[in-house]
Amino acid sequence: MTLAPNSPDATAQLRFPTGFHWGAATAAYQIEGAVREDGRTPSIWDTFSHTPGKVHAGDTGDVATDHYHRYPEDIALMAELGLTAYRFSISWSRVQPTGRGPAVERGLDFYRRLTDQLLEAGIQPFATLYHWDLPQELEDRGGWPERDTAERFGEYAALAAEALGDRVAVWTTLNEPWCSAFLGYGSGVHAPGRTNPRDALRAAHHLNLGHGRAVAALRAALPDSAQLAISLNLHQVRALSAEPADREAARRVDAVGNRIFTGPLLHGGYPDDLRRDTAHLVDWAELVRPGDEQAIGAPIDVLGINYYTPTLVSAPQHEAGLSPTEAARHDAHGASEHSPWPGSESVLFHLPPGGTTEMGWAIDPSGLYDLLTEAGRANPGLALMVTENGAAFPDVLTAEGAVHDPERIAYLHSHLAAVHRAVADGADVRGYFLWSLLDNFEWAHGYAKRFGAVYVDYATQRRIPKSSAHWYARTARHNAIDAVHDQG
Ligand code: FCB
């Protein structure tokens, strides 16, 4: 439908609930740099990025956006953008360099200064305890496939809570444990780069258990005030057709992509079909000990959903699709000969129709709407937040020193419209965090993919807000978007 410019609908606004959090998200290894300062020791991402061939162009997070030194400037930028919340992650290797023992005060001091200054600027700090950067020493002792790593994570959570508990509005235990487990230990495109489906499944359980231990530690340290969350990259899994074989493919991918986490976290335990699909790879009875599922299922306050693109799958008879191994070769997270989908060996993956971002991810805001409404229905009483959403496009800095990124604005507008529609249809969505505040180290893609609302000139570390940053600032200030997006 085309609307005349003076039609009343063309100026209508989609208003968000009062108190809706307008945020941006980042992660420690992607922005901080200063990898050897104040007692920090290597994490698995330091090791991985320094391993030849693992990251595009040999890029590393050694300097990244130098946020460790430039955080006051970055907080000023956030204030300019009208952000009311900022989601960052804490580097475990700064706070507890070996992954055990007492905290390092100099490491904690950075987060004390950061959170103090955020609060002074009127921005609520949302802290994520783990965004993929395991201390290397814990990986050397076996990493997430080992149960002890979950216990270590609980101890680290207690240290962080004690030091920062009075300043953090919402604590997120883990960011996207699916990526940690299945890209880190399955397809190997992320640190630590292992390619063993058994390790990947064991890692998933121990990440869940680590979450449970962290929730217990945070509740003990902050009995009255803790608002606790986890951020999952729930896959909006769609079957290519309504035929039973395609639906069966979708069921398998949903099991190992989503319900391996939401099962024990929110619905009492691991689903039987997941255990069956993966029984040839891991001994669930040995892996999951009595009491584990109860610990993992301790109540949380917020479910964070990270969404970028839907996942379209079919049964093997569709010739056009890619097997998990072929799909892994084209995986936008990084190419691999190994599948990140244990138990889904026969499933084919398809590119959903429509346009794509520079990552090759299909642009489909209906996936976000479906995730939010389904998560709302499945978890009545649990607040939801979009803890990541955004897009990479090939941004160009003009001679006048500006970055025009209409495609990113269109992406953000369409996804915020989907969030608004989900709220109107009953989903209790309390906030939206744009990924990302700044261009940064995009994991296996290094600095080649820019997701920021703010452009970073890596040669000078100059920050230049893109047009999308100005658009987002207006959105945050008005707590609303235009009902119809003017593509001009
Ligand atoms: C998510 C990660 C985030 C960033 C975006 C593009 O999976 O949580 O760090 O890489 O993708």
Side-chain angles (χ1 to χ4, degrees), residues 23-33 43-45 48-49 54-56 59-61 64-65 67 86-92 126-134 172-184 186-187 189-191 204 207 211 229-236 257-258 261 303-311 331-334 340 356-363 367-368 371 385-395 405 407-408 411-412 415 432-454 456 468:
T26 63
Y29 190 69
Q30 295 181 276
I31 64 164
E32 284 181 0
S43 76
I44 54 175
W45 266 100
F48 191 75
S49 67
K54 296 298 184 192
V55 174
H56 171 82
D59 290 345
T60 73
T65 67
H67 172 77
Y86 172 53
R87 174 174 177 251
F88 60 96
S89 84
I90 297 175
S91 155
W92 189 347
F126 281 48
T128 299
L129 285 167
Y130 187 74
H131 199 126
W132 306 354
D133 46 356
L134 188 70
T172 297
T173 55
L174 303 172
N175 176 73
E176 301 189 359
W178 185 85
C179 293
S180 300
F182 297 104
L183 301 181
S187 69
V189 299
H190 280 183
L207 282 152
H211 159 87
I230 185 166
S231 285
L232 301 177
N233 56 320
L234 291 179
H235 299 81
Q236 178 55 36
N258 297 327
F261 301 106
L303 175 61
I305 293 179
N306 295 358
Y307 173 79
Y308 293 90
T309 190
T311 304
D331 193 303
H333 291 284
T356 56
T357 68
E358 201 194 3
M359 296 293 276
W361 294 346
I363 302 173
L368 181 54
L371 277 181
M385 288 197 201
V386 179
T387 40
E388 282 182 30
N389 177 239
F393 288 109
D395 298 312
D405 58 344
E407 290 174 298
R408 185 172 290 104
Y411 182 98
L412 296 176
H415 286 76
Y432 176 92
F433 292 74
L434 179 156
W435 184 273
S436 179
L437 176 69
L438 304 164
D439 291 338
N440 59 46
F441 175 80
E442 179 47 39
W443 308 114
H445 296 282
Y447 297 98
K449 300 284 188 275
R450 294 177 176 272
F451 274 89
V454 175
V456 177
S468 59

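Counting begins at 1 with the first residue of the sequence. Remember, it's 1-based here, ligands and their atoms both numbered in the order they're listed.
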Exercise for the section: Can you sort out the partners of A391 under side-chain contact (heavy atoms from CB on, under 4.5 Å), two or more places apart, ordered by chain and number? Expected result: T357, F393, Y411
Practice task
Return yes or no for this condition: an N or O of W132 is under 3.5 Å from an N or O of ligand 1.
Solution key: no
Problem - Plane angle bin for F126 and F433 - parallel if under 30°, tilted between 30 and 60°, otherwise perpendicular - result: tilted
Exercise for the section: Could you check whether the rings of W132 and H190 sit parallel, tilted or perpendicular, using 30° and 60° as the cut-offs? Expected result: tilted
Practice task
State whether the shortest distance between N or O atoms of E388 and N or O atoms of ligand 1 falls below 3.5 angstrom.
Solution key: yes
Practice task
State which residue, out of T172, T387, T128, fulfils the side-chain hydrogen bond (donor to acceptor under 3.5 Å, both in side chains) condition with R87.
Solution key: T128
Practice task
With heavy atoms of W443 as the reference, note each atom of ligand 1 found under 4.0 Å away.
Solution key: 3 (C), 4 (C), 9 (O), 10 (O)
Practice task
Provide the number and element of each atom of ligand 1 under 4.0 Å from a heavy atom of F451.
Solution key: 6 (C)
Fill in the blank from the handout: One finds that the ligand 1 atoms under 4.0 Å from a non-hydrogen atom of E442 are 4 (C), 6 (C), 10 (O)
Problem - Pairing residues for A64 by the side-chain contact (heavy atoms from CB on, under 4.5 Å) criterion, not counting sequence neighbours - result: Y447
Problem - Residue pair A362 / P310: nearest heavy atoms and the distance that separates them - result: O-CD, 4.1 Å
Practice task
Mark up the atoms of ligand 1 that fall under 4.0 Å of a heavy atom belonging to H131, in ascending order.
Solution key: 2 (C), 3 (C), 8 (O), 9 (O)
Problem - Plane angle bin for W443 and Y29 - parallel if under 30°, tilted between 30 and 60°, otherwise perpendicular - result: parallel
Practice task
Would you mind running through ligand 1 and noting each atom that sits below 4.0 Å from a heavy atom of N175?
Solution key: 8 (O)
Practice task
Answer yes or no for M359: is there a heavy-atom contact with ligand 1 below 4.0 Å?
Solution key: no
Problem - N or O contact, W361 vs ligand 1, cut-off under 3.5 Å - result: no
